[in-house]
Amino acid sequence: MHEFSFCQSIMDALLEELENHKMKRVLSLRVIIGRLHQVIEENLQMAFSVLSKGSPAEGAVLNLRFVNIACECKECGQQETVEPPFFSCTRCGSGKIKITRGKELYLEKIEME
Amino acid sequence: MEIKVYKDLMGANEKWAAKTRTLLKEKGIKMINIIGSPGCGKTTMLENLGKHYGEQFRFAVLEGDVETTRDAERLNAVNVQASQLLTSGACHLEAKLVHYALKDLPLDKLDLIIVENVGNLVCPAEFDIGEHGKIAFLSVTEGEDKPAKYPLLFQESRFAVLTKTDLLPYLNFDIELCEKYINQVNGELPVIRTSAKDNQGLDEFVRLIKELPL
């Protein structure tokens with residue numbers, strides 16, 4: 001959800017870095033997205049192509065890396081990936097878990113010229 | 001050239017949420033963010049809170065809606081201080097709008113601020129508005145499996161409120177199954193059953209708010 005909103009943040013970051021490094025064009029970028037955000041890849045690509053039109057990021061390749069949701073059981077310490085919607089430990093069955101991965105949402109790297 | 005950036009894409013919203021946290025801490029105010037479907041009973045709960053606990057709690061409400069000031073008007077009519085936030089199309093409240101609205105409240109005279117988010121089980125769960133806790137509202141007219149269908153809200157919340165339990169005799173809603181689904185999505189989430197008709201659960205609601213750490 002909110003792929004346009006995330007893309008707007010991506011665009012703001014790209015323009016800022018282009019300015020900071022005195023570069024003219026973005027060639028590619030990589031964004032890391034945790035699966036808890038329920039972002040749809042297709043929608044994000046579409047939002048990016050719309051928002052980057054006419055900007056120095058037009059035509060840039062948007063690479064996405066999705067991070068699976070992982071958790072640690074507070075009862076037995078088991079660490080594992082989680083398939084939503086059920087968040088419980090497969091070893092001891094406890095529902096007392098701590099999410100350790102899956103909330104990431106950041107622009108990792110940019111290739112510019 | 002390739003550069004590593006590590007730029008948080010929720011950064012802008014987080015900055016405003018952090019400003020709100022600072023302000024609330026300075027004033028010693030607790031803020032909760034109640035989230036649930038349109039019509040699940042959020043505003044009604046707050047009306048009842050005003051009627052029965054208005055003297056005890058010094059609280060104000062920030063009402064989030066796409067259009068109309070109806071919810072704020074309902075609360076003002078029962079002497080609850082309420083400001084309306086209109087999103088004009090956005091499906092959730094974001095931290096910047098909430099921060100600006102907060103600054104217009106008489107903060108020195110308040111202990112609690114309740115944000116009633118836009119009616120929506122999806123998007124409000126994604127956005128930190130600087131609250132001390134999100135509270136999930138779900139009515140018994142919505143289907144037992146909603147916690148599984150909307151897991152992020154139930155994962156993020158500090159407790160869940162089941163509303164309209166007076167209607168159970170007329171529905172095929174299995175409340176224990178619903179509570180089981182909630183437990184599977186978040187094994188540490190307290191759940192309370194409420195009914196606005198006879199104020200069932202209102203005291204529990206107040207107790208859980210009081211227990212939320214500042």
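Below, read A as the first sequence line, B as the second, and so on, with proteins coming before strands; counting in each chain starts at 1.
Within residues 58-75 of chain A, the residues having any heavy atom under 4.5 Å from a heavy atom of chain B are, by residue number, A:Lys74.
Looking at A:Leu29, there are no atoms closer than 4.5 Å to chain B (heavy atoms on both sides), in backbone or side chain. Proximity to chain A involves both the backbone and the side chain of B:Ala148, based on heavy atoms less than 4.5 angstrom apart. The contact between A:Val31 and chain B is made entirely by side chain atoms (from C-beta outward), counting heavy-atom distances below 4.5 Å.
Of the listed residues (B:Tyr150, B:Phe127, B:Phe154), the greatest number of heavy-atom pairs within a distance under 4.5 Å of chain A belongs to B:Phe127. Contact count versus chain B (heavy atoms, under 4.5 Å) is highest, among A:Glu16, A:Glu104, A:Met112, A:Met23, for A:Met112.
The distance from atom CG of B:Asn183 to atom NZ of A:Lys96, rounded to the nearest 0.5 Å, is 9.5 Å. Annotation: the span from B:Leu9 atom CG to A:His37 atom NE2 amounts to 9.0 Å, rounded to 0.5 Å. Atom NZ of A:Lys109 and atom NZ of B:Lys4 lie 5.0 Å apart (nearest 0.5 Å). Between A:Ile10 atom CD1 and B:Lys7 atom NZ the span is 12.0 Å, to the nearest 0.5 Å. Atom CD of B:Gln155 sits about 5.5 Å away from atom CD1 of A:Ile97, to the nearest 0.5 Å. Rounding to the nearest 0.5 Å gives a distance of 7.0 Å between CG of A:Leu36 and CD of B:Glu156.
Annotation: B:Arg70, atom CZ; neighbour count of heavy atoms from other residues, nucleotides and ligands within 6.0 Å does not exceed 12. Other residues, nucleotides and ligands place no more than 12 heavy atoms under 6.0 Å from the CG atom of B:Asn172. In A:Glu113, the CD atom is crowded: over 12 heavy atoms of neighbouring residues, nucleotides or ligands sit closer than 6.0 Å. The number of heavy-atom neighbours closer than 6.0 Å to CD of A:Glu83, taken from other residues, nucleotides and ligands shown, is 12 or below.
Here the side chains of A:His21 and B:Ile3 are in contact, with some heavy-atom distance below 4.5 Å. In this structure the side chain of B:Met10 never reaches within 4.5 angstrom of the side chain of A:Tyr106, judged on heavy atoms.
When the options A:Glu17, A:Arg30, A:Glu108 are evaluated for a side chain to side chain contact (heavy atoms under 4.5 Å, CB included) with B:Val5, the one that passes is A:Glu17.
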